[in-house]
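Below: one structure, written as structure tokens.
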2 protein chains.
Amino acid sequence: MELPPVDRTILVALQQNSRITNRELASRVGLAESTTHERVRRLVDAGVVTRFTADLDPGALGRPMQALIAVQLRPQSAEVVTRFLDAVVGDPCVLDATVLSGETDVQIRVAVASSEALRRFAWQKVTSVPSVRSIQTHIVYEHRRGPGLAETGD
Amino acid sequence: MELPPVDRTILVALQQNSRITNRELASRVGLAESTTHERVRRLVDAGVVTRFTADLDPGALGRPMQALIAVQLRPQSAEVVTRFLDAVVGDPCVLDATVLSGETDVQIRVAVASSEALRRFAWQKVTSVPSVRSIQTHIVYEHRRGPGLAETGD
DNA sequence: CGTGAAACCGTACGAAG
DNA sequence: CTTCGTACGGTTTCACG
């Protein structure tokens with residue numbers, strides 16, 4: 001939990017570019033290659049790094065439109081939530097789904113090719129799950145990433 | 001925009017593991033190494049892949065709690081939104097911020113060490129921006145990733 | 001934590017479909 | 001225009017000091 005500063009530096013670098021060579025990473029953190037290599041291995045083994053992945057541009061893939069769908073479920077039971085997630089989260093347009101406290105029970109983020117595709121997903125796929133009481137769709141105008149998790153928590 | 005199936009396969013593989021060797025990637029898609037290498041290069045150059053990154057586990061980094069802060073801004077102008085984002089999005093606890101249509105103008109996703117840290121961010125950092133009219137904080141109970149952008153849009 | 005050497009890999013290039 | 005095979009130089013990786 002209390003990670004040495006060197007590991008924070010490694011994580012920042014890997015977040016910026018996960019394909020950095022171990023050599024460059026080592027020279028950036030000022031350690032030997034073998035040491036750096038070992039630290040990365042331990043971070044992965046410890047589950048601090050959950051995966052190395054590629055960020056893709058939705059627009060470049062023909063899905064320039066993003067939206068947030070806020071869903072209210074009834075009855076409010078753990079099982080209803082799980083069933084709902086299982087039903088919608090596999091759809092190709094779903095980026096992620098978040099289970100929340102408050103009015104909205106689940107919030108789904110989608111990337112779609114058009115407003116027609118959005119309508120199809122929201123009005124057909126989502127509202128066809130019986131436990132969905134109501135939905136509200138909001139257009140995403142802009143999305144900004146924060147500093148990332150590698151920074152010091154506070 | 002209409003990507004060949006081979007490129008989709010490459011993107012899926014790179015999303016699952018961006019540190020895959022070019023050799024394994026080539027054998028998985030059934031092309032020669034040099035060809036695969038070239039396709040990856042083109043995908044990056046074309047901006048389809050925006051970056052290779054590492055996903056980290058918030059809990060393993062001492063920030064086990066996530067929340068969504070819905071913000072209403074007044075007056076509603078583009079400049080007010082931009083200023084607000086600039087003021088809050090650099091805070092270490094911010095995962096990302098989304099500008100939306102509807103009641104909520106901006107939604108901020110945060111990962112924090114404790115409810116105290118959440119309170120500090122929401123009540124001090126966020127509400128201290130003059131154009132913030134109101135905020136609503138929601139706890140994130142669960143988060144699930146969708147299939148990812150590499151799948152066929154529809 | 002550093003060193004070294006063997007195994008492994010990325011990458012450029014010419015050629016061919 | 002895309003694909004392929006090859007060869008070289010760089011990199012990862014591991015046992016050991």
Side-chain angles (χ1 to χ4, degrees), chain A residues 1-64 92 113 148-153, chain B residues 1-57 60-62 147-154:
Chain A
M1 237 134 265
E2 279 310 305
L3 236 46
V6 156
D7 282 343
R8 299 246 171 221
T9 311
I10 289 176
L11 292 175
V12 168
L14 286 176
Q15 252 185 348
Q16 284 169 7
N17 176 17
S18 62
R19 297 195 108 186
I20 190 177
T21 64
N22 186 60
R23 272 194 177 192
E24 196 180 323
L25 186 55
S27 87
R28 206 182 290 190
V29 302
L31 290 177
E33 289 164 30
S34 54
T35 312
T36 309
H37 189 259
E38 175 68 7
R39 292 200 100 98
V40 172
R41 198 191 60 77
R42 290 177 69 98
L43 286 168
V44 173
D45 280 6
V48 177
V49 177
T50 53
R51 70 167 180 176
F52 296 105
T53 188
D55 286 349
L56 309 181
D57 177 17
L61 287 158
R63 291 153 73 182
L149 283 158
E151 312 292 328
T152 91
Chain B
M1 238 133 263
E2 277 311 307
L3 237 45
V6 158
D7 282 344
R8 299 246 170 221
T9 311
I10 289 176
L11 292 175
V12 169
L14 286 176
Q15 253 187 346
Q16 284 169 8
N17 176 18
S18 62
R19 298 195 105 188
I20 190 176
T21 64
N22 185 61
R23 280 179 137 85
E24 194 179 325
L25 185 56
S27 87
R28 206 183 290 188
V29 302
L31 290 178
E33 290 164 31
S34 48
T35 311
T36 309
H37 190 261
E38 175 68 7
R39 292 201 98 100
V40 172
R41 196 190 60 78
R42 290 176 68 97
L43 286 167
V44 173
D45 279 6
V48 177
V49 177
T50 52
R51 70 167 179 176
F52 296 105
T53 187
D55 286 349
L56 308 181
D57 176 17
L61 287 158
L149 283 158
E151 313 292 328
T152 91
D154 304 72

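Just so it is clear: chains get the letters A, B, ... in the order the sequence lines come, proteins before strands, and each one is counted from 1.
Atom CD1 in B/Ile10 sits 11.5 Å away from atom CZ in B/Arg42 (nearest 0.5 Å). Distance check: A/Arg19 CZ to A/Leu25 CG gives 15.0 Å after rounding to the nearest 0.5 Å. Put simply, CG on A/Leu56 and CD on B/Gln15 are 4.5 Å apart, with the number rounded to the nearest 0.5 Å. Summarising the geometry, atom CZ belonging to B/Arg41 is positioned 8.5 Å from atom NE2 belonging to B/His37; distances are rounded to the nearest 0.5 Å. The distance from atom CZ of B/Arg39 to atom CG of B/Leu31, rounded to the nearest 0.5 Å, is 6.5 Å. A/Asp57 CG to B/Leu43 CG: the interatomic distance, rounded to the nearest 0.5 Å, is 12.0 Å.
Side-chain contact between B/Arg8 and A/Leu61 is present, with heavy atoms from C-beta onward closer than 4.5 Å. Counting only heavy atoms from C-beta outward, the side chains of B/Val12 and B/Glu151 approach each other to under 4.5 Å.
In this structure, B/Thr50 contributes its side chain and A/Asp55 its backbone to a donor-acceptor pair below 3.5 Å. Not a single donor-acceptor pair under 3.5 Å links the side chain of B/Ser18 to the backbone N or O of B/Leu14.
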Protein within reach of the bases, or only the backbone? For nucleotides 10-17 of chain D, mark each nucleotide 5' to 3' as B, S or -, using heavy atoms under 4.0 Å.
-BBSB---
Reading DNA chain D 5' to 3', what string of ( ), [ ], | and . shows its pairs, if Watson-Crick and G-U wobble pairs count only when both distances fall under 3.5 Å?
||||||||||||||||.
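Taking 4.0 Å as the cutoff to heavy atoms of chain B, we find the contact window on DNA chain C bounded by C/dC9 to C/dA12.
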